[in-house]
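Here the structure is a predicted model, which means the values were calculated and not measured. Numbers restart at 1 for each chain; the letters A, B, ... are given by sequence-line order, proteins then strands. Any value given below was found using the heavy atoms of this structure, including those in side chains, with hydrogens, waters and symmetry copies removed.
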Protein chains: 2
Amino acid sequence: MESIKQVIHSMIQASDREMNQFLEDSRVATYQPYEVLAEPGVIPESIFFISHGLVRVIIADQAGDEHTIHFALENQFIADYSGFILRQPGLYYLQALEETQVFILPRKSIEWGYSNMQEGQKLGRLIAEFYFIYHDNRIKNLYARTPLERYNALAEVFPNIHNRVPQHMIASYLGITPVHLSRLKKNNRY
Amino acid sequence: MESIKQVIHSMIQASDREMNQFLEDSRVATYQPYEVLAEPGVIPESIFFISHGLVRVIIADQAGDEHTIHFALENQFIADYSGFILRQPGLYYLQALEETQVFILPRKSIEWGYSNMQEGQKLGRLIAEFYFIYHDNRIKNLYARTPLERYNALAEVFPNIHNRVPQHMIASYLGITPVHLSRLKKNNRY
DNA sequence: TTAAAATGATAACATTTGTTAACGCATACA
DNA sequence: TGTATGCGTTAACAAATGTTATCATTTTAA
């Protein structure tokens with residue numbers, strides 16, 4: 001409970017009363033490695049806050065192949081946020097890769113926060129901006145850097161990722177095959 | 001002046017007084033095709049609203065090659081938003097591709113809006129969410145669709161783009177060479 | 001403890017994509 | 001009007017990346 005409060009306090013001013021009411025309807029859940037927090041086809045009705053653990057975001061293409069789109073770490077919010085905002089069925093799997101504890105914030109709480117917390121809208125803005133910057137950076141790197149450069153810079157975005165995630169998932173995140181990543185590493189001259 | 005008011009009113013409630021004060025320090029500017037609205041290396045101090053025209057967002061890689069990262073159309077906000085938020089030097093060129101008229105909203109106005117407009121933070125949240133959804137969609141497509149599929153779906157995101165932008169810029173946006181796009185189109189069997 | 005499964009490296013080969021150059025056509029402009 | 005420039009297509013070839021298979025090692029689970 002403390003970690004989410006800390007993170008929110010680092011972004012906005014909120015009274016204890018606001019904070020407690022905001023979190024009142026949240027619940028804690030724990031997932032084992034490879035367990036699934038959310039599946040595609042369902043309208044997302046909650047936002048997750050990861051207190052510890054690691055969540056992989058996956059999309060499946062038409063052929064059924066799965067692609068790792070994102071890794072979400074402790075002290076971050078994660079959701080199929082587009083689906084949540086648009087109230088459309090999600091497209092992502094959210095999968096724990098480690099034993100992972102989350103707070104589940106239902107839509108009701110988010111909406112309560114927007115309407116009733118002094119800085120609720122600001123909190124929403126800052127979270128959206130955080131992910132905007134993450135996405136923007138990612139797209140910059142995609143256009144302006146090679147896969148190997150992106151590989152070498154990965155740990156800046158996901159600290160310690162190489163000790164927490166198998167390499168083939170990293171290859172998937174980079175948009176290349178595991179075989180190719182292995183080759184690139186071999187020729188990694190820096 | 002009317003178009004930006006309409007767009008803002010479609011997102012939030014705002015009194016005439018709020019709206020007029022918010023826009024008080026904005027100015028109108030007009031750019032000819034290929035003129036540049038913003039360059040990398042400078043901390044972005046304003047947000048643009050395109051009342052008509054079309055702006056291309058470009059990033060240059062280490063080799064100096066330019067990549068088209070985005071097209072911004074009329075009635076949209078555009079900026080090097082990451083740089084604006086983080087107060088860091090921008091990385092993008094913003095280039096008009098048609099005769100383009102914009103409102104330039106200085107940082108001062110944005111901050112005034114956050115502090116003084118009833119729904120200022122909400123406006124910021126909705127704009128950040130809009131671009132979040134755009135980015136998210138884009139990344140989904142990047143992983144789950146082929147370049148040809150992305151080409152065929154382009155006009156959904158950028159209406160009439162094929163009549164407004166030369167094909168080699170579209171190829172650049174898709175992350176492929178003009179020669180390759182030409183080949184793909186030739187084999188486009190649907 | 002042991003057997004099965006997952007992981008990562010590597011090789012051989014196939015496919016995709018990039019590079020360079022040439023050409024025809026349209027457009028801009030002097 | 002004529003000339004230069006930009007655009008899109010095509011072809012030939014090169015480079016990058018994917019595919020499939022094999023192997024050794026580590027991890028997982030019975």
Side-chain angles (χ1 to χ4, degrees), chain A residues 31-36 53-54 56 58 60-68 71 95-100 141-152 154-155 158 160-190, chain B residues 32-36 54 56 58 60-68 71 95-99 141-152 154-155 160-190:
Chain A
Y31 297 89
Q32 296 306 309
Y34 308 114
E35 267 194 274
V36 163
L54 194 163
R56 178 165 75 126
I58 303 164
D61 62 25
Q62 283 189 318
D65 294 332
E66 299 192 338
H67 306 268
T68 301
F71 300 106
Q95 178 194 48
L97 290 186
E98 302 172 351
E99 178 167 319
T100 296
N141 287 338
L142 219 45
Y143 281 86
R145 291 185 168 182
T146 66
L148 184 55
E149 288 171 328
R150 282 184 273 135
Y151 174 81
N152 287 325
L154 244 202
F158 304 118
N160 203 27
I161 191 73
H162 298 295
N163 299 315
R164 299 179 71 178
V165 168
Q167 185 172 297
H168 70 268
M169 292 183 188
I170 292 177
S172 174
Y173 177 82
L174 294 173
I176 61 180
T177 59
V179 175
H180 189 48
L181 177 54
S182 189
R183 267 189 304 226
L184 291 177
K185 284 173 69 181
K186 192 180 176 186
N187 301 327
N188 191 354
R189 317 192 188 294
Y190 269 87
Chain B
Q32 296 307 308
Y34 307 114
E35 266 194 276
V36 163
L54 193 163
R56 177 164 75 125
I58 303 162
D61 62 24
Q62 283 191 318
D65 293 333
E66 298 191 340
H67 306 267
T68 301
F71 300 107
Q95 178 193 49
L97 290 186
E98 301 173 350
E99 178 167 319
N141 287 337
L142 218 45
Y143 281 86
R145 290 184 169 184
T146 66
L148 184 56
E149 287 172 327
R150 282 183 272 135
Y151 175 81
N152 287 327
L154 244 203
N160 203 29
I161 191 73
H162 299 294
N163 298 317
R164 299 178 73 178
V165 167
Q167 185 173 298
H168 70 270
M169 292 184 189
I170 291 177
S172 173
Y173 177 82
L174 295 173
I176 60 180
T177 59
V179 175
H180 188 49
L181 176 55
S182 190
R183 267 188 304 224
L184 291 177
K185 285 172 68 179
K186 193 180 175 186
N187 301 327
N188 191 355
R189 317 194 189 293
Y190 270 87

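- Taking 4.5 Å as the limit, some side-chain heavy atom of B:Tyr173 sits within range of a side-chain heavy atom of B:Leu154.
- Nucleotide C:dT17 holds its P atom 10 Å from the CG atom of B:Leu148, rounded to whole Å.
- Rounding to the nearest 0.5 Å places CE of B:Met169 at 9.5 Å from CD of B:Glu66.
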**Request:** Heavy atoms under 4.0 Å is the rule here; annotate nucleotides 20-30 of chain D 5' to 3' with B where the base is hit, S where only the sugar-phosphate is, and - elsewhere.
**Result:** B----------
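- Under a 3.5 Å cut-off, the side chain of A:Thr100 and the backbone N or O of A:Leu54 do form a donor-acceptor pair.
- Rounded to the nearest 0.5 angstrom, B:Ile58 CD1 and A:Tyr143 OH are separated by 12.0 Å.
- Computed from coordinates, the A:Met169 CE to C:dG8 P distance equals 9 Å when rounded to whole Å.
- We find that CZ of A:Arg150 is positioned 13 Å from C1' of D:dT17, with the value rounded to whole Å.
- Counting to the nearest Å, the P atom of D:dT5 and the OH atom of B:Tyr34 are 15 Å from each other.
- Atom P of nucleotide C:dA9 and atom NZ of A:Lys186 are separated by 10 Å, given to the nearest angstrom.
- Going from atom CG of A:Asn163 over to atom C1' of C:dT7 covers 15 Å, rounded to whole Å.
- Not one side-chain nitrogen or oxygen of B:Lys185 sits closer than 4.0 Å to the OP1 or OP2 atom of D:dT10.
- Residue B:His168 has a polar side-chain atom (N or O) positioned under 4.0 Å from OP1 or OP2 of D:dG8.
- The interatomic distance linking B:Arg183 (CZ) with D:dC7 (P) rounds to 20 Å, in whole Å.
- Proximity of A:Gln167 to the phosphate of C:dA6: no side-chain N or O atom is located under 4.0 Å from OP1 or OP2.
- Considering only heavy atoms from C-beta on, A:His162 comes within 4.5 Å of A:Tyr151 through its side chain.
- Looking only at side-chain heavy atoms (C-beta outward), A:Leu181 and A:His168 stay at 4.5 Å or farther from each other.
- Closest approach to the A:Ile176 side chain among C:dG8, C:dG18, D:dG18 is made by D:dG18 (side chain taken as heavy atoms from C-beta onward).
- B:Leu181 comes within contact range of no nucleotide atom at all, as no heavy-atom separation falls under 4.0 Å.
- Between the CG atom of A:Leu174 and the P atom of D:dG18 there is a distance of 11 Å, given to the nearest Å.
- One distance of note links CZ of B:Arg150 with CG of B:Leu184; it measures 10.0 Å at 0.5 Å rounding.
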